[in-house]
Every structure is written in structure tokens, then in C-alpha cells.
Amino acid sequence: MRIDTDVKLDYSDVLLRPKRSTMGSRKDVDLVREYTFRNSQKTYRGIPIMAANMGGVGTFNMAEELIKVPMFTCLDKNYQPADIWDWFGNHVHKPDLQSHIAISTGITEVDQERIDTTLKLCRSIEYVCIDVANGYSERFLDYVARFREKYPHITIIAGNVVTADLTEELILRGADIVKVGIGPGSVCTTRIKTGVGYPQLSAVIECMDAAHGLGGHIIADGGCSTSGDVVKAFGAGADFVMLGGMMAGTDESGFEVKDNMVEFYGSSTTQAQEDNGGVQDHRTSEGRIVRLPYKGPIANVVTDVLGGLRSGCTYVGANKLKNLSKCTTFVKVNNGKTHNTVFENMQVGE
């Protein structure tokens, strides 16, 4: 048994220090990034915010709306090859779509068969998200290496991990973008059920440093509940920020609106396991099923997030998202709260 006594931080533990700025308006901030990936050698250009590959978030409808920004969508694992083929066929007139979409897979034999079939049908697919809850298993690492050997042209997103050593290992095994985060999600109970996790801000900082040293990239996956958290994630050096709960409850979720509420649940809930073929005896739920207030079209969320991100950049003097981490100084707060909550339960609008 060991105890790591270094202080690790979540987004709620810090604020960004404002700095002198020469910018005239937040509208002048350039949020577009361009990346060339280490292993696939493909290039991405867009606003690097991703819809998570979760039910009610990583939907076809979500992808159709986010491409207009342009932002990125990781599709839900439950989509079958025929569904994806039909959808891509109906959007052949949108050539940019393929560069802002990832299809998702697990690492079982059924997953492998499904992803192979999908890639044979849809040869224009550029991104695959290999997604497991525990990125520390040798089985997962071996799968990533085999996938890279089989599909050298695909940009591989792989995770989830929270430490530098496994970030480096995944990149060396063939991943281009490492998904960072264990337990910070709004509908995730992994930390409660297993006691395992890592404060998200520190995980992003440490994994970013490891990935960038090898020419790789990372996604800050989970833990964002406000646009300010998105600013903090980018300030910490994340290349992409993945949002789940913040994008749930919208028209694009595909879920029914009842009494102005929309259901949303985590990828490891009993419901999600049933969606993926049934609950196995050796597993338990590691997520929540919640009802969220209906948010309307995803465009409302996008406007709020991008507005907050632009404003955050102006406060620290970053005229481009690319420069945000260079302009960031985090201030550690000492009471666990980063904002005044006295009227939080009395708010009727904004």
C-alpha cells in the first residue's frame, strides 16, 4: 500500500487569474484549432469540443447540428453497421461530416465484428473511438495495438485513463487521441462504487504533458458542468473537451420529453448494460439515471458554451484558443467553492 501525498485538483478547486488584454471584443477570439495526429497522420480542423459517445448525446441528430459549428461528435456504441451506412449515405453531400465524426466500439468479439463490418461498409470513416471504462487492462492495450496494425489510416481515440504512464503507453501502441477521465462524469458513480478515480484537472494536466511529449493529443472527458469548466479544461492543456451531461436533455437526444423533462443515464448504468445486450452477473451499475430539464435545441447549449469560452479567453488575454493554456495561471481556492451560491436555489432566469 502507498499513499500519494501530492495535492490533486478538480475544476472546482481552481479559478483562472485575469490578465491584461489588448483585445477589443470577445468576438475576436479564434476558437478553431488544427491538429495533425501522430499515428494516422490525418489532420483535424474545427472547434475541438466533442459530444460524448453516450445514449442521448452521441446521436445522429446531434452530429448533424454540431457539424454546423463545426464541432465533433463521437457516436453512441449502440448504432449498428446498417444504421451508420444508411446515415452516411443520406449525408454524402456533406463531405466535412466524416472529419467530425467518430464511430465507437468496445473490445469484445461482438464489438470487433460490428466495427469491422461498419468500416467495410463506410470506407470514408476517419475516426474510431475505442472506449472502455478501465483503460488499464492489458487486454485493452493489446486491442489498441492490433487495431492500429489493422487500420493504419484510422485516427484512433482510446480511453479512459488518468495517468501519464498509460497515456504514453496508449500513444506508443497506436492511439492518436487519449481520452482522460475516470469517475468525474455527472451520471458516473465509479468513484462511489469502486473507490477509484483521479481529480480531473490534475489528470488533464499530467496526461497532457505526457501526450504532448510524444506528439499525441488528449480529450478531457467528464467533469464539466459549466462553460467555465470547459475554459479550465482547455486552460489545463486539453486538446479536446468532451461533454455529456451538458449536451443531454436537448432536442437532439432522441429521448422523449415528458413534463418538460428528459431522461439521461450513464454508460455503465443497468439501463445502458441492457441496451448493449444485457446485464452480466459479475457486473453492477456504476452510473445514475436522472431526469433533466428540457433544454430545447442543442444550439442553445452551444451558444452558452462558446460564449463562455470566448469570454474566458478575453479575461486572460488569449486571442486564440491555441494560446489559452499559455495565458493560464490557476488560483487554488481554499473553500471548495468557486462562485457565490447564496441565491442559487432562487434563480428564475439569466
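What's counted below: heavy atoms across the whole structure, side chains too, no hydrogens, waters or symmetry copies. Numbers for residues simply follow the sequence, beginning at 1.
- Ring geometry for Tyr79 against Phe60 counts as parallel: the plane angle stays under 30°, on a 0 to 90° scale with 60° as the upper cut.
- When all heavy atoms of Leu75 and Ser104 are compared, the pair lying nearest together is O-OG, 2.6 Å.
- Using modelled atom types and a 3.5 Å distance limit, the side chains of Lys179 and Asn160 yield a donor-acceptor pair.
- Following chains of ILVMFWY side-chain contacts shorter than 4.5 Å, one cannot reach Val69 starting from Met242, and the two form parts of different hydrophobic clusters.
- Proximity of Val161 to Tyr136: side-chain heavy atoms (C-beta onward) are separated by under 4.5 Å at one or more points.
- Counting heavy atoms from C-beta outward, Phe330 and Leu201 have side chains that approach closer than 4.5 Å.
- Of all the heavy atoms in Ala164 and Glu206, the pair that sits closest is CB-O, 3.9 Å.
- Across Val144 and Ile156, no two heavy atoms sit closer than the pair O-CD1, 4.4 Å.
- For the 3.5 Å distance criterion, the side chains of Gln112 and Tyr143 qualify, holding a donor opposite an acceptor.
- Remark: Gln41 CD is packed, more than 12 non-hydrogen atoms of other residues, nucleotides or ligands lying under 6.0 Å away.
- Salt bridge present: Asp111 and Arg114 bring a charged side-chain N and a carboxylate O closer than 4.0 Å.
- When all heavy atoms of Gly244 and Met54 are compared, the pair lying nearest together is CA-SD, 4.0 Å.
- A donor atom on one side chain and an acceptor atom on the other are found under 3.5 Å apart for Asn53 and Asp131.
- By the criterion of side-chain heavy atoms lying less than 4.5 angstrom apart, applied directly or through intervening Ile, Leu, Val, Met, Phe, Trp or Tyr residues, Tyr127 is not grouped with Met71; the two fall into different hydrophobic clusters.
- Under the 30°/60° scheme for interplanar angles, the aromatic rings of His212 and His217 are found to stand perpendicular.
- In this structure, Tyr151 and His153 have perpendicular ring planes: the angle between them is above 60°, well past the 30° mark.
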